[in-house]
Amino acid sequence: MRGPLVVVGDTLLDRDVEGVVNRLCPDSPVPVLDETAYADRPGGAGLAAVFAAAGAEVALVTALADDAGAARLSCLLTAAGVQVYGLPLAGTTPEKIRLRARGRVLLRHDRGGAAGEPGPPSEAVLRLLAGASAVLVSDYGRGVARQPALRAALAATRAPVVWDPHPRGPVAVPGVQLVTPNEAEARDLAKVPPGGSRLAVAARAGQGLRDRWRAGAVVVTLGGDGALLCSAGSTPLMVSAPLSAEGDTCGAGDRFAAAAGLALAQGALVSEAVQAAVGAASAYVADGGVATALPAPVRACPPVLVGGGERIGAAAAGAVVAEVRAAGGTVVATGGCFDLLHAGHVATLQAARQLGDCLVVCVNSDASVTALKGPDRPVIPQGDRARLLAALGCVDAVVVFDETTPHAALGWLRPDIWVKGGDYATGVGDGPALPEAELLRRWGGDSVVVPYLAGRSTTEMIAAARGGRRTAAPQPGPAGTPAGPAPSTAGPARTTAEGAR
C-alpha cells in the first residue's frame, strides 16, 4: 500500500446495553430491562474504519460535533489506531442505543435529531485523499458524502473508490470502482420493480445501479448467501458464502465494505476483493458479530473526558468551543498534568488565553499521570486539579483525558491554536517540533510555545517538600530581562513536558 486506506463518511456513537428481563412494567405491559453492563463503540463509517485498522494504516474523514458524544468517539477511534480527520459538525452526535437481553435486541433507541451540516475539509484532508491507496465512502445519509469539496476530491483521486451507499444519501461520484449495496438498498436505489427470482431481481438492480451511477461494478450483498457482482459483462458473478452462520449481523455490511477496500488497496482485482469481503463478513457473523470482533482497546476504552463542575468536562468544553466558533472566534487549548499548580503554570495559561477567545485545558487523569511519572504521582487527584484550573480567570473549560497523550481530546476539540510552555523552540536553530504539531495540521490548526517562568518545577517542589526543604524563589534578572532561576544544581533547562508538571 502506497498510502493509507481512507474511510469517508458519517460516524455515529453506538451503545449496547445488556440486561435481564424478569418482570413487566406495572404501568404498561412492556418488559423491564435491568441493566447489567454496557459497551460503547464507533458506528457507521467509524466502525468500518476500526475494522480496517486491524490490518492496515487507516485514516477516517468524518464530521464531529462539539459535544460529549464526539469526545467519546474520538477516544474510541484513537484507541483503535484510526487517524481521525474531523470536520466541524453543527448539531449533536447521532447515537444508536440497543437494549439487549440474552444476546437479542429488544429495542433500538436513536437520538441526535436531524443531521447537521458538515463543514468543509482542510487542505490536509484533500492531500490525504490524493495520496490514498484506496478510499471507502461509508455513507449513512447524514451529509458527509454530500459535502461539495469532498465530492470533488473523491472524483479527482486516482485511488480505487468503494462506495457503500445509503438510501437517504447522494449518488456516488462518477467512476467509483465498486458500489456495495445490500438487496433492499439496491432495489430502492435502482428503482427495480418486484418480479422474478431473488438472483434475477438482484442482477437487474445491480446492473441498473451500475449504469445509472456510471460505476465500474456493483456488488449486491445477499446476507448469508454471499454476494452478486455485476460488472461490464452481461453475466453476473455469484460469490457464495464459505460457511453458513446465524447470529448478530449488525456491522456485517461495514465489515464487507472494509474488507473490499483493503483488498483493492493491496492491488486485488474487483472479483478478488469481493471474494475476500464475502469471506470476511461470513466469518464475522459466525464468530459472534460486533460483540467479539472489535479490538480490546475499543471495548474497554474508559471515558475520555469526565465531568465534575460547571466548567469541567466534555459538555462544558463543547459548549464553550461551539459558542466561540459560531462567533468566528479563535479556540485555544493547552495541556499537561498540572500536579501542584504553581506560578509557572499560571503564567503559561495566562499567555495562552491572550492568543484567542477561549482557553480549554486538557488535563491528564490520575491513571495517565501514574503511567507517565510513576506510582507516587499524582500528588493531587484529578478532580482537585481540574477544579483548581477551572477556578482561574484565564481558563474557560477543563477536560480530563485518560491516555498518555491528549491526541484523542484534541482530535475532537480541533483548537485553532495549541499552546505549550517551555523551550521547544527559541526562534533560532532547528529545535524539536511539538509532538502535537502534525496532529494540528489535520484541521489547519497551529501550535506555538510560550515562555515559562524559570525555576518552577512540580517535580522539584515535590522533592523539596518530601525532603523538608524550602524551594528558593527565582532571583530577579537585570532590567528588561526575564527573571532567572535561583542558584541550583538542577542541571540544564527543562523541556516543555517538565515545565507542564
Side-chain angles (χ1 to χ4, degrees), residues 63-71 74 84-93 116-125 304-305 307-336 338 341 344-363 385-401 406-422 424-425 434 436-437 439-452 496 499-500:
L64 295 176
D66 296 318
D67 61 10
S74 185
V84 181
Y85 286 73
L87 309 178
L89 176 64
T92 58
T93 298
E117 189 71 25
S122 65
E123 288 297 323
V125 170
V304 61
L305 306 165
E310 182 180 341
R311 300 164 71 182
I312 301 170
V320 167
V321 168
E323 182 179 356
V324 169
R325 284 189 177 132
T330 298
V331 176
V332 182
T334 189
F338 298 99
L341 187 65
H345 293 141
V346 175
T348 296
L349 295 170
Q350 290 173 332
R353 182 60 176 83
Q354 293 175 2
L355 298 176
D357 300 286
C358 72
L359 175 63
V360 179
V361 181
C362 302
V363 181
R385 288 185 282 127
R387 287 182 176 90
L388 287 169
L389 287 165
L392 297 177
C394 58
V395 175
D396 296 278
V398 178
V399 293
V400 182
F401 63 92
H407 282 49
L410 290 179
W412 162 63
L413 288 168
R414 300 184 306 280
D416 301 295
I417 301 174
W418 170 250
V419 178
K420 292 294 283 185
Y424 268 103
L434 286 176
E436 300 83 6
L439 180 67
L440 269 286
R441 283 192 276 270
R442 293 183 186 176
W443 55 85
D446 296 306
S447 55
V448 300
V449 173
V450 296
Y452 65 87
T496 297

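What you see below is based on every heavy atom in this structure, not just the backbone, and it leaves out hydrogens, waters and symmetry mates.
- Here the shortest heavy-atom pairing between P120 and P88 reads O-CD, 4.3 Å.
- Contact record, V400 with A386: CG2-CB, 4.2 Å, taken as the closest heavy-atom pair.
- For R325, the salt bridge (Lys or Arg N to Asp or Glu O under 4.0 Å) partners are D66, not counting sequence neighbours.
- Side-chain atoms of K420 come within 3.5 Å of backbone atoms of G335 as a donor-acceptor pair (strictly under, hydrogens ignored).
- In this structure a side-chain-to-backbone donor-acceptor pair under 3.5 Å is missing from W443 to D416.
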Checking S447 against E436 for the side chain to side chain contact (heavy atoms under 4.5 Å, CB included) test, could you report, in this order, the C-alpha distance in whole Å, the side-chain angles of both residues, the deciding distance, and whether it holds? CA-CA 8 Å; S447 55; E436 300 83 6; 5.8 Å; no
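- Rounded to the nearest 0.5 angstrom, W418 CH2 and T334 OG1 are separated by 5.0 Å.
- Using a 4.5 Å cut-off on side-chain heavy atoms (C-beta onward), F338 and V361 make contact.
- When side chains are defined from C-beta on, Y85 does not count as touching P121, because their heavy atoms never get closer than 4.5 Å.
- For the pair L359/L349, a side-chain contact is recorded, criterion being any heavy-atom separation below 4.5 Å from C-beta on.
- Here the closest non-hydrogen pair linking I312 and A390 is CG1-CB, 4.0 Å.
- With rounding to the nearest 0.5 angstrom, the SG atom of C358 is 9.0 Å from the CD atom of E323.
- Partners of D67 according to the salt bridge (Lys or Arg N to Asp or Glu O under 4.0 Å) rule, which considers only residues two or more places apart in sequence or in another chain, do not exist here.
- A donor-acceptor distance shorter than 3.5 angstrom exists from the side chain of R442 to the backbone of V84, with no hydrogens or angles considered.
- Between the side chain of T348 and the main chain of G421, no donor-acceptor pair closer than 3.5 Å is present.
- A 4.5 Å side-chain heavy-atom check between V331 and L413 finds every atom pair outside the cut-off.
- Ion pairing between a basic and an acidic side chain is recognised when a charged N comes within 4.0 Å of a carboxylate O; R441 and D446 show no such pairing.
- No side-chain heavy atom of T330 sits under 4.5 Å from any side-chain heavy atom of L355.
- When side chains are defined from C-beta on, V419 counts as touching V332, because their heavy atoms get closer than 4.5 Å.
- Taken to the nearest 0.5 Å, the NE2 atom of H345 stands 11.5 Å off from the CG atom of L388.
- A donor-acceptor contact shorter than 3.5 Å links the side chain of S74 to the backbone of A408.
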Test log, rule side chain to side chain contact (heavy atoms under 4.5 Å, CB included), inputs R353 and D396: CA-CA 9 Å; R353 182 60 176 83; D396 296 278; 2.9 Å; yes
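- Annotation for C362 and P406: closest pair CB-CB, 4.4 Å, computed over non-hydrogen atoms.
- Of all non-hydrogen atoms in W412 and A70, the two that sit nearest each other are CD1-CB, 3.3 Å.
- Put simply, the side chain of L87 does not reach to within 4.5 Å of the side chain of L64, judged on heavy atoms.
- At a threshold of 4.5 Å between non-hydrogen side-chain atoms, the residues L440 and I417 do not count as touching.
- One finds the CG atom of L439 at 11.5 Å from the CZ atom of R414 (value rounded to the nearest 0.5 Å).
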